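Here the structure is a predicted model, which means the values were calculated and not measured. For the numbers below, each heavy atom of this structure counts, side chains included, while hydrogens, waters and symmetry mates do not. Below, read A as the first sequence line, B as the second, and so on, with proteins coming before strands; counting in each chain starts at 1.
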Amino acid sequence: MISTPTRSACSVRDLKKEYVLKGETVRALRGVFFDVPEGDYVAIMGPSGSGKSTLLNMLGCLDKPSSGQLLLGEDDVAKMSDDELAEIRSRRIGFVFQSYNLIQQLTVVENIQVPLFYQGKLGKKESDRCVELAHMVGLAGRLSHRPNQLSGGQQQRVAIARSLVNDPYFILADEPTGNLDSRTTEEILQLFHRLNDEGRTIILVTHEDEVAKRAKRVVRLKDGVVQWDRSNTEESRREAAENAIRNLPVES
Amino acid sequence: MFLMWYRTLQLGIKSLWLHPMRSLLTMLGIFIGVASVIWLLAISEGISLEAQRQIASLGADTIIIRSVKPPSEKLSPQGVTPYGLKRDELDMLVSTIPTIRSALPIREIRRQFQYENVTIDGRLVGCTPEYADVTRLKVESGSFITDAENFRRENVCVLAAKVADRLFPGKDPLNKPVYVPESKDFYRVIGVLQHRNASAAIGGSLAAQDFSNDIYIPIRTLQQRIGDTVAMRRGGSFEGEILELNQITLITSSIEDVKTTASLVENALTSHNDMQDIAVVVPLELLEQARTTRMMFMIFMGLVAAISLVVGGIGIMNIMLATVTERTREIGIRRALGAKRSDIVRQFLVETIVLSVVGGATGIIAGVICNPAISLTRDIIKDRFPQTFAALPEVVQKLTPTIVPESIPIAFGISVIVGVVFGLYPAYRAAKMSPIEALRHE
Ligand SMILES: Nc1ncnc2c1ncn2[C@@H]1O[C@H](COP(=O)(O)OP(=O)(O)OP(=O)(O)O)[C@@H](O)[C@H]1O
Ligand SMILES: [Mg+2]
């Protein structure tokens, strides 16, 4: 097997994050080492409070590390100013949240467009691209609906479309299926799978083994450090996908 | 960059539109502030212009000296005390003060006038021919008194428009005799005047005068026929008065000379200080006073305006702070998706500016229709409640608000500034939040 040198989507070196709360220091991350090549599909697992969300927020440039190095593509994020971080978020990061986080007063297409808005890209070409993305995630008939007119799964698709609009380094998803039933979870996972096949890098946080099994690689955090980091074989992934479909509740 | 602001504006309007009632009430503060500023300024400007017009109608180059009845403790208890301006003083002023171009002596006496079986009360005014020019009287028919008539002490008279109407209803008064029963004299009508507006009281020194019941005769005729001692009916009894001249109007050679002339005149008449029986009125000074008063008023109004706009601004700020709290989640989402702090500031600032500018603009519209609105209201009151209308003070009856042109851009500018100033803090609060904390907000 010839290994092609892949570029790194992100590279984390000795990343630490401490929160100081009323004089007490919470050490959420205590030195994480972690590399994600482009095209990878990583599931981050670990007990509650182990620092998964903290790590994801750091990768998503929502927060700055206390120390350590964080490279996103060619950008060294750890030392950036607030405005530069915002700039990166709008240009190169796609975030998907457990609670969808759509803007209520905007339509589906407008929600997808928000990251472009902050890049100052406001033209016709961009709205066309948003419509295209909405089609891609299967919301062709709901372009001008508002979030409260959509189901949870549909809202999460909007969020995924939105995360793709700026052609990001990677899609970061913090428990994206945490609020969804098993059928909708399956739909979202299939969408992720398809996106990954198309070359998108995906990093998601999950509590569910079934979700983690579908990724190419599982990283487990414990007490703010990486406990282990394993790859899933192609077979186990396919098997997990088949199991998931088999175990879906019968439609009534 | 322009597009960015434009889209932010669209966004702002959209989210304001989401709470139309709230936005409307918020704008109301600025609306009322701006409209009331324009109204108050327009009304006070209207009153001030009217006052200035009235003062100016006295003639800016004149000095008016009036005889006033001295306070009762200055009068001797027996008999009738002579008081007021003397003919000698008139001659003295004219001959000693070179800046006086001419002087008009006036003597006024309340009398009854009769023609055939009509009797009316009125005022007999003895004056010189210049009186018509100086007070800008217009002759309707016939002519005003001439020098020759004055010199020869002829028994001729000129009627004010209303007197002519009442004494000679439907008849031509010219060359008809008017009888004055108290002095048993006849005066031949040689002229009828056009209508003349009553003058308002100016300052404390010049009482309001209603010229509609005046009959003008040559002052020399009056002096000869009636003299200085006059008995006047007051209620049931008679009251005596010894007075040579009621008023002298001095016309100076130019406006620049008015002030020096006025002080010379006051010096020359110090003999009256004791009796306090004359008053010197300088319309030019009154005019200047009226202008200072106007400035003071404007400043005062400016303060009121500032206060009301600040109140409006606080209203806006209050709503915006609530909005920021309510939309914390949205702010978090936008920040997570790449909004810089400055983008968030802009978003909220645009909303407050839209609120205050729309409030300000509608306020200006409401301000500009001040004049038609007031005359409409007045017409309605006049039609429906004529008595109430008649009871209103004359200023109100005649009020024509005059929009001060500067007030419009100033009001608009202030409303924009209010929007920015009171929007900054809520916007800053919104932008200050960390994206993660904002996202956690429920
Ligand atoms: N803003 C904060 N201030 C203080 N402490 C924080 C903050 N955010 C996270 N922590 C602490 O950091 C640690 C890691 O939190 P984190 O949210 O990353 O956990 P997690 O692995 O995502 O847990 P869960 O599975 O419950 O979502 C926890 O102990 C938490 O209390
Ligand atoms: Mg978490």
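Chain B forms more heavy-atom pairs under 4.5 Å with one residue of A/Asp63, A/Ile103, A/Ile88, A/Leu85 than with any other, namely A/Ile103. Considering only heavy-atom pairs separated by less than 4.5 Å from chain A, the leading option among B/Ala339, B/Ser15, B/Gly332 is B/Ala339.
For a residue to count as touching a neighbouring chain, one of its non-hydrogen atoms must lie under 4.5 Å from one of that chain's; by this rule A/Ser53 does not touch chain B. Residue contact with chain A, scored on non-hydrogen atoms closer than 4.5 Å, involves the backbone and the side chain of B/Thr8 alike. Contact annotation for B/Gln347: only side-chain heavy atoms (C-beta onward) come within less than 4.5 Å of a heavy atom of chain A. When heavy atoms are compared at a cutoff of 4.5 Å, A/Glu110 approaches chain B solely by way of its side chain, counted from C-beta outward. With a 4.5 Å cut-off on non-hydrogen atoms, A/Phe97 touches chain B through its side chain but not through its backbone. Proximity to chain B (any heavy atom under 4.5 Å) is shown, for A/Asp83, by both the backbone and the side chain. For B/Arg335, the parts sitting under 4.5 Å from any heavy atom of chain A are the backbone and the side chain alike. Looking at A/Arg162, the atoms closer than 4.5 Å to chain B (heavy atoms on both sides) all sit in the side chain, from C-beta outward.
At least one donor-acceptor pair under 3.5 Å links the side chain of A/Asn166 to the backbone N or O of A/Ile93.
Using modelled atom types and a 3.5 Å distance limit, the side chains of B/Arg334 and A/Tyr118 yield a donor-acceptor pair.
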Please step through salt bridge (charged side-chain N to carboxylate O under 4.0 Å, His left out) for the pair A/Glu187 and A/Arg157, ending with a clear verdict. CA-CA 9 Å; A/Glu187 285 170 16; A/Arg157 287 156 189 267; 2.5 Å; yes
A/Asn101/B/Arg329 under side-chain hydrogen bond (donor to acceptor under 3.5 Å, both in side chains): CA gap, chis, key distance, verdict: CA-CA 8 Å; A/Asn101 279 343; B/Arg329 185 66 177 263; 2.6 Å; yes
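For the atom pair CZ of A/Arg92 and CZ of A/Phe170, the computed distance is 9.5 Å after rounding to the nearest 0.5 Å.
Ring geometry for B/Phe300 against B/Phe297 counts as tilted: the plane angle lies between 30° and 60°, on a 0 to 90° scale.
A salt bridge is defined here as a Lys NZ or Arg NE, NH1 or NH2 lying under 4.0 Å from an Asp or Glu carboxylate O, and B/Asp343 with B/Arg346 meets this definition.
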